[in-house]
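Down below is the structure, laid out as C-alpha cells.
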Amino acid sequence: MSLLIYGAYGYTGQLITERAVEQGLSPVVAGRDAEKVHAIAERYDLEGRVFGLDVPARIRDGLDGIDVVLHCAGPFIHTSAPMLQACIDTGTHYLDITGEIDVFEAAAHRDAEATSAGIMVCPGVGFDVVPTDCVAKHLSEALPDATTLEIAFMGLGQVSRGTALTAVSNLGEGGKVRRDGQIVTVPPAWATREVDFGRGPKTVVSIPWGDVSTGYHSTGIPNITAYTYLPERAITLLRLSRYVSWLLQWEPVKKLLEALVRMQPAGPDESQRKEGVTLVWGRATNDAGDEVSARLTGPEGYTFTARTAVAAAQHVLDGGATPGFQTPSTAFGAHFVRHFDGVDMVDVPVRS
Ligand SMILES: NC(=O)c1ccc[n+]([C@@H]2O[C@H](COP(=O)([O-])OP(=O)(O)OC[C@H]3O[C@@H](n4cnc5c(N)ncnc54)[C@H](OP(=O)(O)O)[C@@H]3O)[C@@H](O)[C@H]2O)c1
C-alpha cells in the first residue's frame, strides 16, 4: 500500500513527512510548487509529484497507484473538496489534518459515496481533533446516555503561520455550538467557564472547534460546546469582534491580516516544540445530572499532529480502514491517543 502526503513542504507537512520517514515509511510527497516538492523529495529521497488542486483530472493523475492520501494543505475549506472528490473517483482513502467544522460536515455528507467507493474518509487526524475526540468518545463510553459534552483544550506553545491563516479565513463567522443535534451559530466568545486541566483553574472561552462537528458523529451527544484557554484580553477582543464581524469578513481587511500573518515565522522551532505542552479537559453529563470527566496531557500541538497523523496513515496502510466517513475515534478507537509518547489521559472524580 502506498501513501501520498499532499502539502508535504508546508510547515506541518514537513513535520509529518519527517515523522513518516522516521517510522520507516516511504511516502510520495506532493504539492503544487515544483521547486518545493523537488526539494523535500530530494531531502528524504522520496518520489515527488507536482500537481495543483484546480483541475480534477490532474489530481486523479497525481493519485495514480496511491492507496492513502494524507492531506496537509490548508485552509481546508479551500483544498479539501477537490482532493476528496479525486479520492472518491480513484478509490483512495482520505485523511487530513483539518480542524474546520464546515470541512468535517462536508466530508460527513459524502459518507454514502465514500462507502460505495470502499474508502475511508477521516478528516482531523492531527491535534485537531485526535485528543479531544478520544476524550469525548471515552466519556461517552463511560456515560452512554450523556446529553451534553463540554470539551476544552489549552496549548502552551506557538501556532504556525498556516494555522493563523486558517483562523483569518474563518474570521467574522461567529461562534458555533451544537444544540439538540444541530450546529448553531452563536456570537464569538459566547460562553466562558472555569476548568481545571490539572494545573489549577483556568477561564476558557467557547470557540468554533472541530469537535462541535466530530463530537456528535463520534458519540451522538446532541449538545456540544468546545472551549479554549485565552488570556482575558484576548477574550475581551473576541467579544468586541461581535460588533465588527462585517469588517472582519471584508476581503481587504482579510488580505491585510493575512499579510501580517505571513510576516510571522512558519511555526514553532524545534526547541519550542520540545518544550510545548497541550492540555485537554472534557465533561459529559446526562439528564439525571450524572457526570463523568477526564483530562489529558500531551506533547506540543505540531509534534502531536505529526505523530497522530502518521499513526493514522499507518493504520490505514496496514489494512485498518473502515469505509465511509469516520472521526479519529470511530476509526481508531477512544484509546488511540493513549499510544503516543508523552500522552496521559486520566479520569477526574466527579459527583454522580
Ligand atoms: N489538525 C491540526 O491539529 C493541525 C495542525 C497543524 C496544521 N493544521 C492545519 O493544516 C494547514 C497547514 O498548516 P501549516 O502550518 O502547514 O501551513 P503552511 O506552512 O502555510 O503550509 C500550507 C501548505 O498548504 C499548501 N496550500 C495552501 N493552499 C493550497 C491550495 N489552494 N492548493 C494547493 N496547496 C495549497 C501550501 O502550498 P503553497 O506554499 O504552494 O501555497 C503549503 O504546502 C492549516 O490549515 C492548519 O490550520 C492543523
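Order of appearance sets the numbers: ligands from 1, and atoms from 1 within every ligand. The structure displayed is predicted, hence computed values, not measured ones.
Remark: among candidates Asp128, Ile16, Val125, the nearest residue to atom 2 (C) of ligand 1 is Asp128, based on non-hydrogen atoms.
Among the atoms of Thr12, some N or O lies under 3.5 angstrom from an N or O of ligand 1. Of the polar atoms of Leu53, none of the N or O atoms is found under 3.5 Å from an N or O of ligand 1, judged by distance alone. Any N or O atom pair closer than 3.5 Å counts here, and Glu100 shares no such pair with ligand 1. At least one N or O atom of Thr305, backbone or side chain, sits closer than 3.5 Å to an N or O atom of ligand 1. An N or O contact shorter than 3.5 Å links Ile97 to ligand 1 by distance. Inclusion of Asp33 in the set of residues having an N or O under 3.5 Å from an N or O of ligand 1 is not warranted.
Checking Thr219, Thr327, Thr225, Thr132 one by one against Asp211, the side-chain hydrogen bond (donor to acceptor under 3.5 Å, both in side chains) holds for a single residue, Thr132. With respect to Cys87, the side-chain contact (heavy atoms from CB on, under 4.5 Å) criterion is satisfied by exactly one of Ile59, Val69, Ile66: Val69.
For the pair Ala20 and Ile5, the tightest heavy-atom approach, listed with the atom from each and the gap, is CB-CD1, 4.3 Å.
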Please tabulate, for the side chains in residues 116-131, all donor-acceptor contacts under 3.5 angstrom to protein atoms that are two or more places apart in sequence or on a different chain.
residue, atom, partner, partner atom, Å
Ser116, OG, Ala112, O, 3.3
Ser116, OG, Glu113, O, 3.3

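His71 places a side-chain N or O within 3.5 Å of a backbone atom of Thr79 that can act as its donor or acceptor partner. Without hydrogens or angle criteria, Lys137 side chain to Ser218 main chain gives a donor-acceptor distance under 3.5 Å. A donor-acceptor pair under 3.5 Å is absent between the side-chain atoms of Arg178 and the main chain of Pro222, judged by distance alone.
Under the 4.0 angstrom criterion for non-hydrogen atoms, Pro75 is in contact with ligand 1. Contact analysis leaves Gly99 out of contact with ligand 1, as no non-hydrogen atom separation drops below 4.0 angstrom. Ligand 1 lies within reach of Tyr6, whose nearest heavy atom is under 4.0 Å from it. For Gln14, the heavy-atom gap to ligand 1 stays at 4.0 angstrom or more.
The atoms of ligand 1 that sit less than 4.0 Å from any heavy atom of Thr79 are 28 (N), 29 (C), 30 (C), 31 (N).
Residues Val103 and Asp96 form a side-chain contact, since some pair of their non-hydrogen atoms from C-beta on lies under 4.5 Å apart.
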